[in-house]
Chemist: 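My structure is below; once you've seen it, I'll send some questions.
Naming: A, B, ... by sequence-line order, numbering from 1 per chain. Since the model is a prediction, treat every value here as computed from it, not as a measurement.
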Amino acid sequence: MHISEGILSGSVLVAGWAGSIAGISYGLKKTEPDKIVRTALISSAFFLASLVNVRFGPSSTHLTLIAPMGLILGQAVFPAVFVALLLQALLFHFGGLAVLGANTFAMAFPALMTHIMFGRAVREGTGKFRVMVFSFMAGALAVIMGALIAGALLGLTDRNFLGAVKLLVIAHIPLAVIEGAVTLFLVSWLKRVMPEFLS
Amino acid sequence: MRKATIIGLALVAGLMLSCGAADAHGTGWRQSGMKAVALEFMYSTGEMMSYREAKVYSPEDDRFAAQTGRTDGKGRFAFVPDVPGTWRVVVRDEEGHQCTAELDITPEFLGGSEGALPVSEAGGSDIFVRALLGVSIIFNIALLVHRRRH
């Protein structure tokens, strides 16, 4: 889901940075001191998830864990994603530094939306099946939302990219299914073992 | 009138003769005696970077690629260096993954007296060290933020 360096136009890069800086500032302000270690833990998981490749047919992709991040961290998701992506760019050459703002926004915003849309239902939901359905939907929708934002950023750069947006979303459907399943199992496990993690 | 026609025809004939060489845009081939460098690119998981964009930067120009192309189905890419120095080959995919190989091409290699290329390892084996470093940095940042808040 990372957008490569040198693809987006200057104005889109600036817009990406503006959105990310706003999200990071808001996130830092809202993060309570006792949740900083939790944020670091989830940020590390996100940072390492990029190294876990999932085979799907002839190709493979890597996990993003956007939805679990949003459900666990809430507003603190922007700083967590930013730090993890910065280190991915520096240490693994994923994405890049100029495009870091756009990539942060493309991944952190869907995570935040997941928190807003499904956070309460997952946290306070009592019916096991209901929670499972919401968790799966959160995981899958977060990936599709991320692909749509990445596609929109490409489309704003050059209209010729609009054709590729459809392909980008289609290519992310298998990952959406995988992430939905991962989110489902993770939420079920957290609700049973560490429910305070979702609070 | 006839004189003018003769002069005109002579001019046209002269022009046609002079353009003869330019018109002959034929093609040909021969086997090059120069030594090529063949590389393999792969992800940290061992999967090959098949059909990915590849760019070669010569030591003389680090800004504009001397050669562009794609890796083959098995992640291989070859190029022919012609000057000594550090050559850079950058392979990237559409998802933002990028691998950079830096090769020190010596005059001996170009001269053909040296059999194997003294290539520095392209990286990838130290992936776990970098992952550990990343996690360590994240927790140090968290510690720093935590201390500032208290």
Chemist: Let me check something: do A/Val12 and A/Val14 share a hydrophobic cluster, defined by ILVMFWY side-chain heavy atoms less than 4.5 Å apart, either directly or through other members?
Modeler: no

Chemist: Measure the CD1-CZ distance between A/Ile36 and B/Arg147 for me, rounded to the nearest 0.5 Å.
Modeler: 12.5 Å

Chemist: Working to the nearest 0.5 angstrom, can you tell me the gap between B/Ile137 CD1 and A/Ser43 OG?
Modeler: 11.5 Å

Chemist: Is there a path of hydrophobic side-chain contacts, each under 4.5 Å between heavy atoms of I, L, V, M, F, W or Y residues, that connects A/Leu28 with B/Leu143?
Modeler: no

Chemist: What residues form a side chain to side chain donor-acceptor pair (under 3.5 Å) with B/Asp62, not counting sequence neighbours?
Modeler: B/Arg88

Chemist: So which bits of residues 81-90 of chain A come within less than 4.5 Å of chain B, counting non-hydrogen atoms only?
Modeler: A/Val83, A/Leu87

Chemist: Identify the two heavy atoms, one from B/Ala131 and one from A/Leu48, that lie closest to each other, and give their separation to 0.1 Å.
Modeler: CB-CD2, 3.7 Å

Chemist: Can you say whether B/Ile141 sits under 4.5 Å from chain A via the side chain, the backbone, both, or neither, judging by heavy atoms?
Modeler: side chain

Chemist: Side-chain heavy atoms under 4.5 angstrom apart, residues restricted to Ile, Leu, Val, Met, Phe, Trp, Tyr: same cluster for B/Trp87 and B/Val80?
Modeler: no

Chemist: Output all residues satisfying side chain to side chain donor-acceptor pair (under 3.5 Å) with A/Arg120, sequence neighbours left out; order by chain, then residue number.
Modeler: A/Glu124

Chemist: Crowded around A/Lys191 NZ? As in, over 12 foreign heavy atoms under 6.0 Å?
Modeler: yes

Chemist: Tell me, for A/Leu91 versus chain B, whether the close heavy atoms (under 4.5 Å) come from the side chain, the backbone, both or neither.
Modeler: both

Chemist: When only pairs under 4.5 Å are counted, which of A/Leu41, A/Thr39, A/Val37 shares the most heavy-atom pairs with chain B?
Modeler: A/Leu41

Chemist: Side-chain heavy atoms under 4.5 angstrom apart, residues restricted to Ile, Leu, Val, Met, Phe, Trp, Tyr: same cluster for A/Phe129 and A/Leu198?
Modeler: yes

Chemist: Check for me, please, whether B/Leu103 and B/Phe41 land in the same ILVMFWY cluster - side-chain distances under 4.5 Å, paths through other members count.
Modeler: yes

Chemist: Going by the ring-ring contact (aromatic ring centres under 6.0 Å, His included) test, which pairs reach into residues 25-50 of chain A, not counting sequence neighbours?
Modeler: A/Phe47-A/Phe92

